[in-house]
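These values consider heavy atoms only, across backbone and side chains, with no hydrogens, waters or symmetry-generated copies. Both ligands and their constituent atoms are indexed starting at 1 by order of listing.
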Amino acid sequence: MSQNKDTTTEQSALKTDLMQDITSLCKRRGFIFPSSEIYGGLGSCWDYGPLGVELKRNIKELWWKSMTLRPDIEGIDAAILMAPRVWEASGHVENFTDPLVDCRNCKARFRADKAQKDPQSGKLICPECESTNVTEARNFNLMFKTFMGPVEDSAAVVFLRPETAQGIYVNFHNVATSMRKKIPFGIAQIGKAFRNEITPGNFIFRTREFEQMEMQFFVHPTEDEKWMEFWKDSRWKWHTELLGIKKENLRFHPHGPGELAHYAKSAFDIEFQFPFGWSEIEGVHNRTDFDLGRHQEFSKKNLMYVDTERNNERYLPFIIETSVGADRSLLAALVDAYHNDAANERVVLQFSPKIAPVKAAVLPLSKKPELESIADKIVQDLSQTLQVQYDESGSIGKRYRRQEEIGTPYCITVDFDSLNDQCVTIRHRDTMAQERISFDKVHNYIKDGFKNWPQK
Ligand code: ATP
């Protein structure tokens with residue numbers, strides 16, 4: 001029994017260490033910094049640094065293309081501030097709450113639905129100090145309020161959107177008519193969302209300001225289940241084949257009757273195995289005609305779709321939603337890629353080249369001008385299409401380690417032999433294998449390597 005407990009404690013310490021290692025790597029190597037750090041930071045707010053912003057843009061681009069290159073999906077970019085009635089119609093004013101509990105002992109605040117219960121008394125246990133001396137749960141609305149215009153009164157209250165989806169629903173008719181779209185079709189959007197979370201944490205997993213990538217697919221009410229299956233499958237492939245996440249680190253979690261949101265007919269989370277446990281990175285939901293129905297009721301505008309392909313049948317389309325966090329996907333990609341290669345005394349981020357923030361590094365073996373000028377030419381050539389780093393400081397071994405730690409798939413070394421044989425050494429990040437390639441073949445070699453990159 002005690003042995004089991006020890007093993008469990010050890011495992012959980014290792015997992016905590018992994019999150020700490022990733023957080024510290026992110027800061028040290030320019031991925032993610034604590035927000036306003038020189039002022040002591042601001043709880044659970046993070047700034048993306050030079051490599052983090054590239055990584056995040058690559059992820060968003062992969063998502064955007066996978067959606068909007070389809071002929072049946074259009075993109076939009078709606079305003080963050082919306083008419084306050086939107087949030088009444090959506091149910092957020094009334095229902096977007098979490099049950100907040102205060103610990104009388106250590107003053108910690110936590111969510112009742114995420115806390116353990118004492119099996120004997122049935123009381124909630126404080127996750128910080130394990131006391132059961134806690135208050136009753138009170139409902140706390142997660143929307144951030146602000147004021148529009150110079151007067152701070154209730155008439156001027158607006159909300160920072162807690163999800164991007166509503167910007168899509170209220171534009172359903174605009175997009176359908178301006179783009180002459182026929183059902184089934186989808187609208188995609190990437191944008192910031194804000195939630196005044198009670199217990200943010202686990203680095204960028206749960207923050208108060210984050211980015212969502214949402215696509216709402218409008219279908220005939222009899223075709224909802226078919227499209228639900230289609231999008232579940234398609235989103236699974238995006239995570240595994242494009243983002244490059246290992247299949248064993250992903251699973252579907254179907255919402256049971258107690259979990260299902262009031263508007264949903266069926267819902268599945270895609271969960272990733274984080275060091276702190278399996279947790280949601282994406283929701284795929286069948287939202288029925290709830291959203292358009294509510295907006296029709298509250299706005300008093302007719303949002304019925306007239307289906308010319310079904311004898312002018314008039315109906316409110318059902319919506320299949322796919323909603324994934326850009327930040328959570330990025331964290332999943334980081335955790336999935338993190339490899340502590342102890343045998344070779346190195347840490348490697350084994351990103352898919354599609355998302356790696358730097359695609360290749362050019363390393364002249366010494367600072368001799370003849371080597372630098374070859375390296376410069378290679379950088380100029382590659383940087384027309386790829387993110388490239390030039391690094392000439394420190395021993396070559398240290399430079400390789402730096403690049404491996406940021407996930408650069410290829411290092412290109414220019415050495416003294418290059419002056420005679422017009423070749424460079426290309427080193428592979430994951431296998432450390434090296435190949436000698438002539439200057440003029442480097443660009444194509446890298447492109448082919450990316451095309452044929454092995455799936456995890
Ligand atoms: P959770 O149960 O973790 O609070 P949720 O079910 O409320 O998440 P959704 O409303 O379905 O999340 O939002 C869709 C996606 O947006 C989530 O799968 C997640 O990737 C992202 N997301 C939601 N809340 C946050 C947050 N506070 N910080 C970062 N990403 C978030």
**OP:** Just say parallel, tilted or perpendicular for the rings of His255 and His253, cut-offs at 30° and 60°.
**Re:**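 Plane angle between 30° and 60°, so tilted.
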
Original post:
Should the pair Tyr169 and His295 be assigned to parallel (<30°), tilted (30 to 60°) or perpendicular (>60°) ring geometry?
Top reply: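 Geometry flag for His295 against Tyr169: tilted rings.
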
Subject >> Result of checking Trp227, Phe230, Phe318 against Phe217 for ring-ring contact (aromatic ring centres under 6.0 Å, His included) >> reply: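 By the ring-ring contact (aromatic ring centres under 6.0 Å, His included) criterion, Phe217 pairs with just one of Trp227, Phe230, Phe318: Trp227.
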
**OP:** Identify whether the distance between the nearest side-chain nitrogen and carboxylate oxygen of Arg109 and Glu197 falls below 4.0 Å.
**Re:**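 Judged by the 4.0 Å cut-off on N to carboxylate O distance, Arg109 and Glu197 do not form a salt bridge.
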
Against heavy atoms of [X], which atoms of ligand 1 measure under 4.0 Å?
{"X": "Phe205", "value": "28 (N), 29 (C), 30 (N)"}
{"X": "Glu282", "value": "18 (O)"}
{"X": "Glu197", "value": "24 (N), 26 (C), 27 (N)"}

Subject >> Close side-chain approach of Ile406 and Gln403, heavy atoms under 4.5 Å >> reply: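 In short, these two side chains touch, coming nearer than 4.5 Å.
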
Subject >> Ring center gap for Phe194 and Phe159 short of 6.0 angstrom >> reply: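 No; Phe159 has its ring centre 6.0 Å or more from that of Phe194.
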
Original post:
Does the separation of the ring centres of Phe274 and Phe276 fall below 6.0 angstrom?
Top reply: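 So the answer is yes for these two rings.
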
Starting from [atom], which protein heavy atom do you reach first, and at what distance in Å?
{"atom": "atom 4 (O) of ligand 1", "result": "Arg206 NH1, 2.7 Å"}
{"atom": "atom 2 (O) of ligand 1", "result": "Glu280 OE1, 3.9 Å"}
{"atom": "atom 10 (O) of ligand 1", "result": "Arg195 NH2, 2.9 Å"}
{"atom": "atom 21 (C) of ligand 1", "result": "Gly325 CA, 3.8 Å"}
{"atom": "atom 28 (N) of ligand 1", "result": "Thr207 N, 3.0 Å"}
{"atom": "atom 22 (N) of ligand 1", "result": "Phe210 CE1, 3.5 Å"}
{"atom": "atom 19 (C) of ligand 1", "result": "Arg328 NH1, 3.5 Å"}

**OP:** Please collect all salt bridge (charged side-chain N to carboxylate O under 4.0 Å, His left out) contacts where either partner lies in residues 126-149, sequence neighbours excluded, each pair once.
**Re:**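 Found Asp102-Arg138.
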
Subject >> Closest to atom 15 (C) of ligand 1 (judged by heavy-atom distance), picking from Ala326, Ser323, Ala165 >> reply: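 Closest candidate by heavy-atom distance is Ser323.
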
Original post:
Does Glu163 come within less than 4.0 angstrom of ligand 1, counting non-hydrogen atoms of the residue?
Top reply: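 Heavy atoms of Glu163 never come under 4.0 Å of ligand 1.
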
Subject >> Proximity flag Asp327 to ligand 1, non-hydrogen atoms under 4.0 Å >> reply: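 Checking ligand 1 against Asp327, which is what was asked, there is no heavy-atom contact under 4.0 Å.
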
Original post:
Do Gln212 and ligand 1 have an N or O pair less than 3.5 Å apart?
Top reply: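 Yes.
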
Original post:
Hey, does Ile281 come in under 3.5 Å of ligand 1, counting only N/O atoms on both sides?
Top reply: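 Yes, since at least one N or O of Ile281 sits under 3.5 Å from an N or O of ligand 1.
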
Anything under 3.5 Å between a donor and an acceptor, one on a side chain of residues 180-187, the other on a protein residue two or more places apart or in another chain? List them.
{"from": "Lys181", "atom 1": "NZ", "to": "Pro71", "atom 2": "O", "distance (Å)": "2.8"}
{"from": "Lys181", "atom 1": "NZ", "to": "Glu74", "atom 2": "OE2", "distance (Å)": "3.0"}

**OP:** Verify the neighbour count for atom NZ of Lys265: are there more than 12 heavy atoms of other residues, nucleotides or ligands below 6.0 Å?
**Re:**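 Enclosed.
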
